[in-house]
Protein chains: 2
Amino acid sequence: MKAGLRELKRAGFKLTPQRRAILETLKSSGKHMSVEEIHEKVKTKCPHAGLATTYRTLDLLKELNLVTDINLGEEHKHYEWKRRHHYHLVCLECGDVVEFRSNFAIKIEKNVLKDYDFEITDRHVEFCGYCSRCAGGREG
Amino acid sequence: MKAGLRELKRAGFKLTPQRRAILETLKSSGKHMSVEEIHEKVKTKCPHAGLATTYRTLDLLKELNLVTDINLGEEHKHYEWKRRHHYHLVCLECGDVVEFRSNFAIKIEKNVLKDYDFEITDRHVEFCGYCSRCAGGREG
DNA sequence: ATAATAAATGAGAATAATTCTCAACTAGGG
DNA sequence: CCCTAGTTGAGAATTATTCTCATTTATTAT
Ligand SMILES: [Mn+2]
Ligand SMILES: [Mn+2]
Ligand SMILES: [Zn+2]
Ligand SMILES: [Zn+2]
């Protein structure tokens, strides 16, 4: 059974078409999607799907640690399917979001555990600024 | 002239009592405050202060890079006066927020600049999980 | 397959944070 | 002191998200 469905079932939740659709949408897109975007996509599979169900399901998937929400500085949240963990670079000019990974990230987190005895279970890391394309036109 | 007021003035904004109060509130508290909390405090100085002004002023101070907003997973934002930059550890159990600083943080940011040619101007870094006190009672 | 049942859903109302509107007010320059 | 552009307060408006509840459905047991 596919990842995602497995965890839902294991935790005793029903595998409804809506849940399958939301799950599949997020997993296959591989991008950061707003609730509206997800819902629009889901409606192509389940035309009667209600928006509330999308909200409920995303909450559920977050509980189960299958998705994370990210704050891109917009008024609404975005969600993404949890894969290898990474941080985000958000360009304030063009809005582009780049995923970022570094060995220092791992060191930082070990640091947190050792020095603060703090056990990290989720990360919300966004570095905001200007991407290479946009930085030039600003002042340099 | 005090920090904050200086930047406001330099940018051509008027130094109203409301702006002074909001500024002073955030600076002196040194903590993360919600808009409501700030507004309550401000009203002890300016009883007629309107909530909209608090929102407007916080936006303004953010523009001027004097405050940052942080997302503590609650439904509303929190603000803090910008000092030496740091990251946050947020305990999902007791809600405690600890500030965190590390040499790796500096390295990671240099990393971002070199490898991605990305110029960081603001950070939103929250590591969520369990603090030492709360981690014990969970499973260990 | 059928029935029983708890869980899940959809529609729309309700809530809560934030933004907007606009007439009245005021800081600050001259 | 006067002028004026900038600022404010009150409340309406907007927007994202949550809630309510009657109806439907996935799952398990018969
Ligand atoms: Mn991502
Ligand atoms: Mn802080
Ligand atoms: Zn850019
Ligand atoms: Zn704790």
Side-chain angles (χ1 to χ4, degrees), chain A residues 1-2 4-25 32-64 67-79, chain B residues 1-2 4-25 32-64 67-79:
Chain A
M1 181 172 285
K2 278 189 196 164
L5 297 182
R6 186 175 36 237
E7 289 82 353
L8 274 174
K9 169 138 275 206
R10 189 190 307 147
F13 295 103
K14 292 182 179 176
L15 301 185
T16 65
Q18 294 88 337
R19 284 175 178 165
R20 287 167 191 273
I22 291 166
L23 210 100
E24 199 47 47
T25 297
H32 319 112
M33 301 180 79
S34 70
V35 177
E36 282 296 343
E37 284 168 345
I38 295 167
H39 183 233
E40 282 313 309
K41 199 72 181 270
V42 162
K43 276 201 291 190
T44 68
K45 289 187 180 178
C46 309
H48 295 300
L51 182 55
T53 297
T54 301
Y55 275 103
R56 279 186 293 236
T57 303
L58 287 169
D59 273 355
L60 180 57
L61 295 175
K62 213 170 65 172
E63 288 294 309
L64 295 176
V67 307
T68 1
D69 51 2
I70 53 188
N71 190 322
L72 299 178
E74 296 181 59
E75 53 300 324
H76 48 252
K77 279 189 192 139
H78 288 242
Y79 289 84
Chain B
M1 182 171 287
K2 278 189 196 165
L5 296 181
R6 187 176 34 238
E7 288 81 353
L8 274 174
K9 169 138 274 204
R10 190 190 308 147
F13 294 103
K14 292 183 178 174
L15 302 185
T16 65
Q18 293 87 336
R19 284 176 177 165
R20 288 168 191 273
I22 292 165
L23 210 100
E24 200 47 46
T25 297
H32 318 111
M33 301 180 79
S34 72
V35 177
E36 283 296 343
E37 284 168 344
I38 295 167
H39 184 232
E40 282 314 308
K41 198 73 180 269
V42 163
K43 277 201 290 189
T44 68
K45 289 187 180 178
C46 309
H48 295 299
L51 182 55
T53 297
T54 301
Y55 275 103
R56 279 186 295 236
T57 302
L58 288 169
D59 274 356
L60 180 56
L61 295 175
K62 211 170 69 174
E63 289 293 310
L64 295 176
V67 307
T68 1
D69 51 3
I70 53 188
N71 190 322
L72 298 178
E74 296 180 60
E75 52 301 322
H76 48 252
K77 279 189 192 135
H78 288 242
Y79 289 85

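Below, chain A is the first sequence line, B the second, and so on; all start at residue 1. Computed from heavy atoms alone, side chains included, the values below leave out hydrogens, waters and symmetry copies. Just so we're clear, the structure is a prediction, and the values are computed from it rather than from any experiment.
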Contact residues, residues 15-23 of chain B to DNA chain C [heavy atom, < 4.0 Å]: B/Leu15, B/Pro17
What do you reckon, is CD of B/Glu63 surrounded by more than 12 foreign heavy atoms closer than 6.0 Å? no
Within this structure, what is the CG-to-C1' distance between A/Leu8 and C/dT9, rounded to whole angstrom? 15 Å
Shortest non-hydrogen pair, A/Leu15 vs A/Leu8, comes out as CD2-CB, 3.8 Å
Quick one: does any side-chain atom of B/Thr57 pair with a main-chain N or O of B/Thr54 as donor and acceptor, under 3.5 Å? no
By nearest-nucleotide position on DNA chain C, the 5'-leaning member of B/Lys77 and B/Lys14 is B/Lys77
Which nucleotide in the set C/dG12, C/dT19, D/dT17 lies at the smallest distance from any side-chain heavy atom of A/Leu51? D/dT17
So does A/Tyr55 get a side-chain nitrogen or oxygen closer than 4.0 Å to the phosphate oxygens (OP1/OP2) of D/dT18? no
If you take all heavy atoms of A/His78 and A/Ser34, which pair is closest and at what distance? ND1-N, 3.8 Å
Checking A/Glu24 side chain against A/Ala21 main chain: does a donor-acceptor pair fall under 3.5 Å? no
Distance-only donor-acceptor test (3.5 Å): side chain B/Arg56, base D/dG6: no
Of the listed D/dT8, D/dT7, C/dT9, the closest approach to the B/Thr53 side chain comes from D/dT8
